[in-house]
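To start, the structure under review is shown below, and the notes come after it.
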Amino acid sequence: MSQPHLRTVVVLAAGEGKRMKSDLPKVLHPLLGRTLIGHVLTAAAPLGAERTVVVVGHRAEQVREHLSEVAPQATPVLQERQLGTGHAVRIALEAVPDGTGTVVVLNGDVPLLRAETVAALVEAHEGAGAAATVLAAAVPDPTGLGRIVRDDSGRLERIVEERDATPAQRELREINAGIYAFDAVRLREALGKLSTDNDQGEEYLTDVFELFASAGEPVAVHVAGDHTETLGCNDRVELAGLRRLLRDRVNEAWMRTGVTVLDPATTWIDVTATVERDAVIDQNTQLQGATVVGAGALVGPDTTLVDTTVAEGASVVRSHAVGAEVGPQASVGPYAYLRPESRLGRKAKVGTFVETKKATIGEGSKVPHLSYVGDATIGEHSNIGAATVFVNYDGVKKHHTTIGSHARTGADNMFVAPVEVGDGAYTAAGSVIIADVPPGAMAVARGQQRNVDGWVLRKRAGTAAAEAARRACEGASDSADTASEGD
Ligand code: UD1
Ligand code: MG
């Protein structure tokens, strides 16, 4: 019976990444919206592989848990001791049934790899009927990487690690990216023959190439046009370098679709965010997670949006938002904080030093200044006075406040939830609203004002305030005299 022809993806992610000096496994470090391994799995996804195996080892539980979120179809396989990349692939293949076809191997720490590049590598490999194909690139600085050694006619002879290389081989600038396609059957055979006769005493996957080449099996090199795609990540400095490269790539792609990015060097857009045409992203701005910025919207400067939707024509200036929805032509900031489940309707406004949470602010309604709006529903075209607090927490539970449409609430109000203010109602400045206000009513909930005439002149005699008061009182009586004289 013939075996099925399958594509298998193997991602190597068992290593510790010592130089990261981190409690987090290297492949779980985040990079503009995905972890390192998340980027690699995304690049491999369009291959439509029947099986994806991820070799885990160092802090395997953490990596497994992450995989269950981002790639539940992938099978984690435990490599208890990191005995080399060849050993890792051997273990991976032992965990899946035999089959003919292609095995694509990717290092888990090469996050800038493009899906098109992996696809082109696999296509070239399968088209040529090669036993093995390696992704290579000419890099400015090959330090620490495996070098591609070719014979006089340019055919690949072997891949040699820097630590095992001769001085002449170290001069080579063409490096192994750690991304390969193999013929499944021949790979299984070759993995059984790997030695550990090298500087690290490990089973090197790369030795498979020399085994094939010396046996006359066809091996190929696929050269990446953009060498930055092949960059690995070994420490935090490299991670920062990769982040800058990815930032530039993402910004450039959005600019080419018609987005204005005023300062690409300080604009950080996650690969998972979306920006529509004619949006303007001002400097020092981060668009993270599932953030969507609509057509013609203005975001920034100095703004961070996480999982936030900004509809067309809206503006968000010097603000921070998490899990919020900003409606069309709405306006936010400067200096606003929108927390999860904040929903602003069309042309709504959340102004300066305003914090919102679980708050629906209807079409055309405004919370312009210095306020906290939590657990609230505000209808349409209402205005909330400056320095208002929606008092939602009784120390144990959160309660809801509802403000109707076309309401006008005074400055410095407290809405002690649960409470409701009806449509078209007013509240007086300084009110603490603890009872419902019917539609159209004016609620006044504050002490009566009492003026004690002449108090300062009597009790603070000789002070500058008393002098000023005296002058003001005399002036008033003089002008009263003059006025009466004129009559
Ligand atoms: C490897 C290649 C090198 C290439 C470089 C590209 C080998 C022998 N060398 O070197 O030619 O230029 O990648 O970045 O393959 N891993 C395991 N189990 C192990 C060992 C490694 O899962 O037992 C994983 C690591 O977590 C990592 C990947 O394999 O994701 C590569 O391992 P690493 O130790 O970084 O290999 P390099 O020395 O960088
Ligand atoms: Mg490495």
Side-chain angles (χ1 to χ4, degrees), residues 9-20 22 24-29 35-41 44 53-60 62-64 67 76-93 95 104-113 132 134-139 141-149 156 158-165 169-170 172-180 182 187 190-191 194-211 221 224 227-235 238-239 242:
V9 164
V10 176
V11 179
L12 304 185
E16 175 179 356
K18 275 197 193 69
R19 282 175 285 164
M20 294 296 283
S22 178
L24 193 65
K26 174 164 84 176
V27 294
L28 297 194
H29 277 260
T35 57
L36 299 185
I37 195 170
H39 283 288
V40 173
L41 288 163
V53 181
V54 179
V55 181
V56 298
H58 179 74
R59 295 192 186 249
Q62 254 174 296
V63 181
R64 264 184 225 269
L67 289 173
V77 168
L78 183 67
Q79 184 193 28
E80 296 215 23
R81 292 170 59 213
Q82 280 73 68
L83 303 175
T85 47
H87 180 257
V89 174
R90 192 148 62 77
I91 287 194
L93 294 185
V104 183
V105 177
L106 306 106
N107 280 3
D109 64 350
V110 189
L112 300 195
L113 187 67
V134 57
L135 183 69
V139 297
D141 177 13
T143 308
L145 295 166
R147 310 293 207 281
I148 305 288
V149 182
L156 183 142
R158 67 171 65 90
I159 299 170
V160 61
E161 293 309 294
E162 179 167 273
R163 56 207 309 162
D164 302 306
Q169 288 169 336
R170 281 184 199 179
L172 298 169
R173 300 221 152 181
E174 193 178 31
I175 59 90
N176 163 25
I179 313 292
Y180 323 83
F182 297 99
L187 175 63
L191 287 173
L194 291 180
S195 83
T196 53
D197 182 17
N198 53 57
D199 188 57
Q200 298 193 91
E202 291 184 352
E203 289 178 35
Y204 285 171
L205 176 61
T206 43
D207 286 349
V208 165
F209 284 84
E210 191 176 356
L211 286 174
V221 181
H227 79 86
T228 67
E229 284 190 55
T230 67
L231 294 172
C233 178
N234 294 298
D235 60 30
E238 287 179 2
L239 181 62
L242 294 173

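For ligands, and for the atoms within them, numbers begin at 1 and follow the listed sequence.
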Heavy-atom pair of closest approach, residues V10 and A92 = CG1-CB, 3.7 Å
Kindly give the heavy-atom pair with the smallest separation between N107 and A177, and that separation in Å.
-> ND2-O, 4.3 Å
So if I count the atoms of ligand 1 from 1 in the order they appear, which ones are less than 4.0 Å from some heavy atom of [X]?
{"X": "Y204", "result": "8 (C)"}
{"X": "A13", "result": "22 (O), 26 (O)"}
{"X": "G15", "result": "22 (O), 25 (C), 26 (O)"}
{"X": "A177", "result": "6 (C)"}
{"X": "Q82", "result": "18 (N), 19 (C), 23 (O)"}
{"X": "G108", "result": "30 (O)"}
{"X": "L145", "result": "6 (C), 12 (O), 14 (O)"}

Counting both backbone and side chain atoms, is some N or O of [X] under 3.5 Å from an N or O of ligand 1?
{"X": "V55", "result": "no"}
{"X": "R81", "result": "no"}
{"X": "G144", "result": "no"}
{"X": "N176", "result": "yes"}
{"X": "A14", "result": "yes"}
{"X": "A88", "result": "no"}
{"X": "T85", "result": "yes"}
{"X": "K26", "result": "no"}
{"X": "I159", "result": "no"}

For ligand 1, the portion of E161 having any non-hydrogen atom under 4.0 Å away | side chain
Residue-ligand contact [X]/ligand 1, heavy atom below 4.0 Å:
{"X": "G57", "result": "no"}
{"X": "I175", "result": "no"}
{"X": "G146", "result": "yes"}

Side chain of [X], backbone of [Y]: donor and acceptor closer than 3.5 Å?
{"X": "K26", "Y": "M20", "result": "no"}
{"X": "T35", "Y": "H29", "result": "no"}
{"X": "N176", "Y": "G146", "result": "no"}
{"X": "N198", "Y": "G201", "result": "yes"}
{"X": "D141", "Y": "T143", "result": "yes"}

State plainly whether the residues R147 and E162 are in salt-bridge range, i.e. N to O under 4.0 Å.
-> yes
Got a salt bridge between D235 and R19, using NZ or NE/NH1/NH2 to carboxylate O under 4.0 Å?
-> no
Just wondering, do L78 and I91 contact through their side chains at under 4.5 Å, heavy atoms?
-> no
Residues passing the ring pair (Phe, Tyr, Trp, His ring centres under 6.0 Å) test with Y180, sequence neighbours excluded, are F182, F209
Short side-chain donor-acceptor distance under 3.5 Å, E202 and H87 | no
